[in-house]
Protein chains: 2
Amino acid sequence: MSHSPLLASLIESLKILPGVGPKSAQRMALHLLEKAPQKAAQLATDIQEALAGIGKCQQCRNLTETPLCTLCTDPRRNASLLCVVETPMDVLAIEAAGGYRGRYFVLYGSLSPLDGIGPADLGLDLLAQHVATAEIEEVILATNLTVEGEATAHYISEQLRAIRPLKLSRIAQGVPTGGELEYTDPNTLTQALAGRKHYA
Amino acid sequence: MSHSPLLASLIESLKILPGVGPKSAQRMALHLLEKAPQKAAQLATDIQEALAGIGKCQQCRNLTETPLCTLCTDPRRNASLLCVVETPMDVLAIEAAGGYRGRYFVLYGSLSPLDGIGPADLGLDLLAQHVATAEIEEVILATNLTVEGEATAHYISEQLRAIRPLKLSRIAQGVPTGGELEYTDPNTLTQALAGRKHYA
């Protein structure tokens, strides 16, 4: 049985959501139409309003409804510390962890020449300009611990080093909390041993 | 960190999708804004068009863009056979299985007095009227094999029996294809034994 064209379009559109395949998209489409038409209308409106109203912070590129985000304008945040992350999700994860009180810079990805993602796409000119003019003492490179994330962190560290002297750091690599050595991959174990901390 | 109001609304709305919790909704919202703004706009439009353009078939209550659905108007379908199912998903599942060539009637749920879902909500008056006037020889009750589905099937069988003599059947209960007896629940095993088929 073929779907009606409108239903087929809706299912196709729902598949753009991360983690949603053809089967889930079909279930979602029927759920929206059958069970929750009013909420579905609200969802459509919310998507449109978010697209129209949410942009990137002019300073850190995080998502915001105002020219500068709440993190960049909050005077209680430590302006001398800047944490560079790949996505707004990473900002939320670090904020949820709670210990960090500095500011952020969001790249929206990592360098990937094959996909045509270069320094300009990651806002590295804005980052360089910000680091050159603001009173930043340390930049923490918190890109993912993947090949692309490592390459991006290295590229940024070289770029910023050329601007002016400042502390540059990379988040620690090691065995995660609750992790068991038996099930930890060899590369992580090697890094965890090399980065061992001595007792005081 | 609190989300911006527009982002918070979008995340809240995405949670109405089946299988989507707070964490997935957040990931979806950021994905729509960051990675796929054009597709997100298309999704919003598709939801609105589907809500406006898709309704229930006047005969079988399946989802359709026209007064009667393609299954009800297809002359190649066997009009003497009617399969009563709980949802449009069930219609798709049976159609995907391929062997059935009759028509359908969609209940959109099962009888549930505690939730205030009665015969009128399931369109049972329309079903009764259809069975009374159409040339239907057999009604297959294919509601779920749950307590509610069983009760609904029983209720409908009693209701239709009172209208006129016709064949009434219930889909078979048993061990599913590929199922192993060791892991089959006792109730299913009992039903599978009781419903055993003798070799010719």
Side-chain angles (χ1 to χ4, degrees), chain A residues 1-7 9-20 24 26-56 62-66 69-71 87-89 91-92 94-96 106 108-109, chain B residues 1-7 9-20 24 26-56 62-66 69-71 87-89 91-92 94-96 106 108-109:
Chain A
M1 176 197 173
S2 57
H3 292 297
S4 77
L6 290 176
L7 187 56
S9 295
L10 176 56
I11 291 170
E12 203 52 40
S13 277
L14 283 164
K15 286 199 295 195
I16 65 157
L17 295 170
V20 176
S24 304
Q26 181 178 292
R27 185 191 311 276
M28 286 176 170
L30 295 176
H31 178 84
L32 289 176
L33 291 168
E34 267 180 64
K35 300 277 172 64
Q38 288 183 333
K39 288 178 179 170
Q42 185 62 47
L43 171 59
T45 309
D46 284 343
I47 291 172
Q48 288 165 336
E49 289 183 359
L51 285 171
I54 298 177
K56 290 178 185 171
N62 200 358
L63 296 174
T64 174
E65 292 176 31
T66 44
C69 75
T70 50
L71 287 166
T87 74
M89 289 288 286
V91 174
L92 294 174
I94 293 173
E95 286 299 296
V106 183
Y108 292 92
Chain B
M1 176 197 173
S2 57
H3 293 296
S4 77
L6 289 177
L7 187 55
S9 294
L10 176 56
I11 291 170
E12 202 54 40
S13 277
L14 284 164
K15 286 199 295 195
I16 66 157
L17 295 170
V20 176
S24 303
Q26 181 180 292
R27 184 190 312 274
M28 286 176 170
L30 295 175
H31 178 84
L32 289 176
L33 291 168
E34 267 181 65
K35 299 278 172 65
Q38 287 183 332
K39 288 179 181 172
Q42 184 63 47
L43 171 60
T45 309
D46 284 343
I47 292 172
Q48 288 164 336
E49 290 183 356
L51 285 171
I54 297 177
K56 289 179 184 169
N62 200 0
L63 297 174
T64 174
E65 292 176 31
T66 44
C69 75
T70 51
L71 288 167
T87 74
M89 290 287 285
V91 174
L92 295 174
I94 294 173
E95 286 298 298
V106 183
Y108 292 93

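Proteins get letters first, then strands, A, B, ... in listed order; numbering begins at 1 in each.
- Counting heavy-atom pairs closer than 4.5 Å to chain A, the top residue among Leu30(B), Thr87(B), Val20(B) is Leu30(B).
- Nearest heavy-atom pair, Gln26(B) versus Met89(A), reported as atom, atom and distance to 0.1 Å: NE2-SD, 3.6 Å.
- Your options are Gly109(B), Ala50(B), Ala36(B), and the one with the most heavy-atom pairs under 4.5 Å with chain A is Ala50(B).
- Residues Leu63(A) and Ser4(B) form no side-chain contact, since every pair of their non-hydrogen atoms from C-beta on lies 4.5 Å or further apart.
- To the nearest 0.5 Å, the span separating CG on Leu43(A) from CD on Gln48(B) amounts to 9.5 Å.
- Note that CG of Leu7(B) is 4.5 Å distant from CD1 of Ile54(A), once rounded to the nearest 0.5 Å.
- Contact between Leu51(B) and Ala41(A) at its shortest, heavy atoms only, is CD1-N, 3.6 Å.
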Solution key, residues 9-19 of chain A side-chain donor-acceptor pairs under 3.5 Å, sequence neighbours excluded:
{"from": "Ser9(A)", "atom 1": "OG", "to": "Pro5(A)", "atom 2": "O", "distance (Å)": "3.1"}
{"from": "Glu12(A)", "atom 1": "OE1", "to": "Lys15(A)", "atom 2": "NZ", "distance (Å)": "3.4"}
{"from": "Ser13(A)", "atom 1": "OG", "to": "Asp46(B)", "atom 2": "OD2", "distance (Å)": "2.5"}

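- With rounding to the nearest 0.5 angstrom, the CZ atom of Arg27(A) is 11.0 Å from the CG atom of Leu92(B).
- Checked against salt bridge (charged side-chain N to carboxylate O under 4.0 Å, His left out), Glu34(A) has no partners two or more places apart in sequence or in another chain.
- Distance CG/Leu6(A) to CD/Glu49(B): 6.5 Å, rounded to 0.5 Å.
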